[in-house]
**Q** 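I have a structure I would like to understand better, so I am pasting it below and will then ask my questions one at a time.
Sequence lines set the chain letters: A, B, ... in the order given, protein chains first and strands last, and positions in each chain run from 1. Worth knowing before you read on, the calculation uses all heavy atoms, side chains too, and leaves out hydrogens, waters and symmetry mates.
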Number of protein chains: 2
Amino acid sequence: MATGRPPRPATRGRGIPEATVARLPLYLRALTALSERSVPTVSSEELAGAAGVNSAKLRKDFSYLGSYGTRGVGYDVEYLVYQISRELGLTQDWPVVIVGIGNLGAALANYGGFASRGFRVAALMDADPSLTGRSVAGIEVRHIDELETVVEDSGVSIGVIATPAGAAQQVCDRLVAAGVSSILNFAPTVLSVPDGVDVRKVDLSIELQILAFHEQRKAAEELSREVAAPAAGEAAAPAAPPAAAPAAAAARRGDRGPDGDIPAVMPA
Amino acid sequence: MATGRPPRPATRGRGIPEATVARLPLYLRALTALSERSVPTVSSEELAGAAGVNSAKLRKDFSYLGSYGTRGVGYDVEYLVYQISRELGLTQDWPVVIVGIGNLGAALANYGGFASRGFRVAALMDADPSLTGRSVAGIEVRHIDELETVVEDSGVSIGVIATPAGAAQQVCDRLVAAGVSSILNFAPTVLSVPDGVDVRKVDLSIELQILAFHEQRKAAEELSREVAAPAAGEAAAPAAPPAAAPAAAAARRGDRGPDGDIPAVMPA
DNA sequence: AGTTGTGAACTTATTCACAGCG
DNA sequence: CGCTGTGAATAAGTTCACAACT
């Protein structure tokens, strides 16, 4: 199959697939819950159940980290917690700066899971002078002008952007220039960053739109099933779907005029 | 997830790949921005740039919707906006209920992008009686006991959970029982739902952990490059990476005691 | 007996590259 | 000539199913 040219020499030694990396935090959370209940070992089946994935996938994921299980027994909870934490880089401390202290920024600052493992809010920053000096979640809000100082002094390498969309790219540029190389973006904009900087985005409106798509599809299917109503009973009704609400047959309009605007602004 | 043998006969007629669906909102946002600037047409190249994807992918994505472009010219902005909106189900109205009005819930309620297209906050709900009656973002907070009534009366089919982790499953069950079939979950828990209900999750802590993984990897690579320093110059240095901050060589510890807890609680 | 670890089969997604059309 | 639309090639991710090990 190989075309001759190594299509990418693969990352040194272990190259953990991105999809696996994205699931490790999920496993870690489930394992931590078990650990708190002092459960000593879990099988892939049990753990998979708790994490909401299937067991084959989980085993394959773990196989990328190494052989940490015991055949016939399962995985040692404490040991796995440690291995995954290490793999994710959570055995070290990550100072984080949050920019934009509106409702969302405040929610993030107050977020308990933040501090609990590896992450520490090094600073809160906002452009609004009336906010600076005020304390949110026990941390003083500082003016955005101090951003470079804060990043350097605290060795921040992860930045969280919770500003309105209009300010996001600007803030991003400053973060990157100051040395931040990972960004979590809550503003509904595509950020452009230089090579070597990672951006992840969290976007409410995108998630809702994806849900709407499926919701619409469900409604359409239900409709076509009713219409086509193919008498012959299917073998064994699934028994599951509650099929409760009659899905409000809301008026359906073609469009809503030429001034549509999705992007809008963030809470700030 | 039909238990039956047929591996899934493919969705009726057009089956738009999930990955494509997830990108449509991105395209839509970029298109809307163009529309506001009264740009009449775009090429796949330009639009792809604005949406942060590559043009081949964009064209392939659009090809699942139909042939909406003009060869040699590009895509008509207004027309595409309409087609994508329709495909996503945004030409109809989606009443949404938000449960859990803490910092996060309030941020969501205030979120401008919410109302702007298709989505309408039908109700805010919280279990805390001291909140009920108060107004957030111009909407009165109602007590969670009214959930079933609200869902039925407003024909809500999308619910947003912004409660602490401990309450999420309970709230989810009530939403589903009341007839909600799409859920956007901000609580750091795996929700279990019956077949036919869609759940999407937004999880700060997971995103941060993924960033930490890559951040750690970058630091390790940089380190090994310095150490191995293979004299012989590579052909054409990439020129890109700014390699700014010296990545605070924080103390690295093995673990931090047996009481680790990631899940923690949400802002509420 | 019970459960992991993993090749192999399969599915989904991305990218290439160019024919086809305006 | 330029740009879309798409088959074909490649890559990534998932699931199967079972040998290997405790």
Side-chain angles (χ1 to χ4, degrees), chain A residues 1-11 14-24 26-27 31 34 39-77 79-80 83-84 210, chain B residues 1-11 14-24 26-27 31 34 39-77 79-80 83-84 210:
Chain A
M1 214 166 290
T3 0
R5 244 105 322 105
R8 172 85 76 86
T11 328
R14 296 166 297 171
I16 302 180
E18 197 46 43
T20 295
V21 172
R23 279 187 296 265
L24 291 180
L26 228 55
Y27 301 145
L31 284 164
L34 292 171
V39 176
T41 60
V42 254
S43 68
S44 61
E45 201 76 49
E46 292 167 317
L47 185 52
V53 303
N54 88 8
S55 65
K57 195 187 290 188
L58 177 143
R59 287 200 303 278
K60 173 74 71 172
D61 283 342
F62 285 178
S63 80
Y64 293 116
L65 309 185
S67 285
Y68 295 149
T70 308
R71 290 166 203 249
V73 179
Y75 300 91
D76 181 278
V77 171
Y79 187 56
L80 245 196
Q83 291 298 345
I84 295 180
I210 295 171
Chain B
M1 206 175 293
T3 0
R5 275 343 72 52
R8 177 84 74 86
T11 327
R14 296 167 296 172
I16 301 180
E18 198 45 44
T20 294
V21 172
R23 280 188 296 265
L24 291 180
L26 228 57
Y27 301 146
L31 284 164
L34 291 172
V39 177
T41 60
V42 256
S43 67
S44 61
E45 201 77 49
E46 292 167 316
L47 185 53
V53 303
N54 89 8
S55 65
K57 195 186 290 188
L58 178 143
R59 286 200 302 278
K60 172 82 52 175
D61 283 342
F62 286 178
S63 80
Y64 294 116
L65 310 184
S67 285
Y68 295 150
T70 308
R71 291 165 203 248
V73 178
Y75 300 91
D76 181 277
V77 172
Y79 187 57
L80 246 196
Q83 291 298 346
I84 296 180
I210 296 172

**Q** Just how far, in rounded Å, is P of C:dG5 from CG of A:Leu65?
**A** 10 Å
**Q** Would you say the side chain of A:Arg71 and the base of C:dT3 hold a donor-acceptor pair, judged only by whether the two atoms sit under 3.5 Å apart?
**A** no
**Q** NA contact type, B:Phe62, heavy-atom cut-off 4.0 Å: base, sugar-phosphate, or nothing?
**A** nothing
**Q** Nearest to the side chain of B:Arg59, heavy atoms from C-beta on, is which of D:dT6, C:dT14, C:dT6?
**A** D:dT6
**Q** Side chain of A:Asn54 only, please: which of D:dT4, C:dT4, D:dT15 is the nearest?
**A** D:dT15
**Q** Nearest whole Å is fine: how far is D:dC3 P from B:Leu47 CG?
**A** 14 Å
**Q** List every contact pair, protein side and nucleotides 7-10 of chain C side both N or O, where the distance is under 3.5 Å.
**A**
| unit_1 | atom_1 | unit_2 | atom_2 | d |
| --- | --- | --- | --- | --- |
| C:dG7 | N7 | A:Lys60 | NZ | 3.4 |

**Q** So if I take every side-chain heavy atom of A:Ser63 and compare against D:dG5, C:dT6, D:dC3, which nucleotide ends up nearest?
**A** C:dT6
**Q** So, using side chain to side chain contact (heavy atoms under 4.5 Å, CB included) as the criterion, who are the partners of A:Pro40 when residues are at least two apart?
**A** none
**Q** Taking only residues two or more places apart in sequence, or in another chain, which ones meet A:Ile84 in a side chain to side chain contact (heavy atoms under 4.5 Å, CB included)?
**A** A:Leu24, A:Tyr27, A:Leu28, A:Leu31, A:Phe62, A:Leu65, A:Leu80, A:Leu88
**Q** Nearest nucleotide by nearest heavy atom, which residue falls closer to the 5' end of DNA chain D, A:Lys57 or A:Thr70?
**A** A:Lys57
**Q** Apply side-chain hydrogen bond (donor to acceptor under 3.5 Å, both in side chains) to A:Thr20 and list each qualifying residue two or more places apart in sequence or on a separate chain.
**A** A:Asp61
**Q** So, is A:Ser44 near the phosphate of C:dT4, with a side-chain N or O under 4.0 Å from OP1 or OP2?
**A** yes
**Q** Filter on salt bridge (charged side-chain N to carboxylate O under 4.0 Å, His left out), then keep only pairs touching residues 42-60 of chain B, sequence neighbours left out; what's left?
**A** none
**Q** When the distance from CG of B:Leu58 to P of C:dT15 is rounded to whole Å, what number comes out?
**A** 12 Å
**Q** Can you tell which of C:dT3, C:dC16, D:dT14 lies closest to the side chain of A:Arg23?
**A** D:dT14
